[in-house]
Amino acid sequence: MRAELRVALAWLSELRLSSGAGSGMCLLLGATGVGKSLLVKRLQKLSSRDGKGDLGDPPPTRPTVGTNLTDIVAQKKITIRELGGCMGPIWSSYYGNCHSLLFMVDASNPTQLSASCVQLLGLLSAEELAKASVLILFNKMYVSVSDLPCYMTIEEMKSLIRLPDLIACAKQNITTLEISAWKGTGLSDVLRWLQDTHRTNG
């Protein structure tokens, strides 16, 4: 098992080096199952329609193992690197040359909130991410067939993880949004944030 893990890590490292960081690199991070893959697919479709139009039914997704690179054309090309939640221990290998960071929280799963808070604290304290613009996405805020009922309000969640204090103390410029990747709610705001951020940083 250890040999297989070493091979996997070596492959991931080689893929990272061969792919390059790119001037429009955005990292997409979050725990397993928060909706990262669906978000990327929805943003890609939304950007092809200039942020307008019906997104249609949500496409199928599967848990990300490793890393996925997706290009979104929003006035300029922005490359989103999605890292699987299971890769948390080696996320730091991908911090270099990161201009922006999307961090997703599953708002329908309060039991996962403390783990997400620990991950977020680690990201905000990383020196390599000190100059990155950060967008925290509270996903699954709107109940649907796929989105489980949310047992806490967004205000309760922010208070529980002391988000106002985090924002006040962080080196990064932090924005928060409430979205539903499943229904497409709030994704135009995410796309607009990416456009504005990479117009400044890229």
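Since the structure is predicted, the reported quantities are computational estimates derived from the model, not experimental observations. The first residue in the sequence is number 1, and the count goes up from there.
At least one side-chain heavy atom of L191 sits less than 4.5 Å from a side-chain heavy atom of I72. Residues M25 and L69 meet the side-chain proximity criterion, which asks for heavy atoms closer than 4.5 Å. You'll find the side chain of I161 stays beyond 4.5 Å of the side chain of L121, heavy atoms only. Under the 4.5 Å side-chain criterion, counting only non-hydrogen atoms from C-beta, L101 is not in contact with Y95. A 4.5 Å side-chain heavy-atom check between V40 and L28 finds at least one atom pair inside the cut-off. No side-chain heavy atom of T185 sits under 4.5 Å from any side-chain heavy atom of I179. Under the 4.5 Å side-chain criterion, counting only non-hydrogen atoms from C-beta, L29 is not in contact with Q119.
Scored by the side-chain hydrogen bond (donor to acceptor under 3.5 Å, both in side chains) test, D189 finds R192 as partners (sequence neighbours excluded). Take S114 and apply the side-chain contact (heavy atoms from CB on, under 4.5 Å) test, not counting sequence neighbours, and it matches no residue.
The heavy-atom pair separating S100 from C98 by the smallest distance is O-SG, 3.0 Å. The two residues M157 and A107 make their nearest non-hydrogen contact at CE-O, 2.6 Å. Between W91 and G84 the shortest heavy-atom distance is NE1-O, 3.2 Å.
Summarising the geometry, atom CD1 belonging to I78 is positioned 12.5 Å from atom OG1 belonging to T70; distances are rounded to the nearest 0.5 Å. The structure places CG of L129 at 9.5 Å from OG of S92, a figure rounded to the nearest 0.5 Å. Once rounded to the nearest 0.5 Å, the distance linking CG of L166 with OG of S125 reads 10.5 Å. Here Q172 contributes atom CD and S133 contributes atom OG; the two are 9.0 Å apart, rounded to the nearest 0.5 Å. Note that the OG atom of S188 and the CD atom of Q195 stand 9.5 Å from one another [nearest 0.5 Å]. Rounding to the nearest 0.5 Å gives a distance of 11.0 Å between OG1 of T79 and CG of L27.
Each of L113, V34, L137 was compared with V105 under the side-chain contact (heavy atoms from CB on, under 4.5 Å) criterion, and only L113 meets it. For the side-chain contact (heavy atoms from CB on, under 4.5 Å) criterion with L135, the lone passing option out of L194, T197, L102 is L102.
In this structure, the side chain of S159 does not engage the main chain of E155 through any donor-acceptor pair within 3.5 Å. A distance-only check finds a donor-acceptor pair linking the side chain of N139 to the backbone of A181 [under 3.5 Å].
Counting only residues at least two apart or in different chains, salt bridge (charged side-chain N to carboxylate O under 4.0 Å, His left out) contacts with residues 106-127 comprise D106-K140, E127-K171. For residues 108-126, no pair satisfies salt bridge (charged side-chain N to carboxylate O under 4.0 Å, His left out), with sequence neighbours left out. For the side chain to side chain donor-acceptor pair (under 3.5 Å) condition, the pairs that include at least one residue of residues 29-44, sequence neighbours left out, are S37-T64, S37-E82.
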I'd like to know whether L124 forms a side chain to side chain contact (heavy atoms under 4.5 Å, CB included) with F103, so could you lay out the CA-CA distance, the side-chain angles of the two residues, the decisive distance to 0.1 Å, and finally the verdict. CA-CA 11 Å; L124 296 179; F103 183 76; over 6 Å; no

What verdict does the side chain to side chain contact (heavy atoms under 4.5 Å, CB included) test give for C26 and H198, after you've listed the backbone C-alpha separation in whole Å, the side-chain angles of each residue and the deciding distance to 0.1 Å? CA-CA 9 Å; C26 171; H198 287 266; 4.0 Å; yes

Give the C-alpha distance, both sets of side-chain angles, the deciding distance and a yes or no for side chain to side chain contact (heavy atoms under 4.5 Å, CB included) between L163 and I136. CA-CA 10 Å; L163 188 59; I136 302 173; 3.7 Å; yes

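One hydrophobic cluster, built from ILVMFWY side chains closer than 4.5 Å, holds both L160 and I174.
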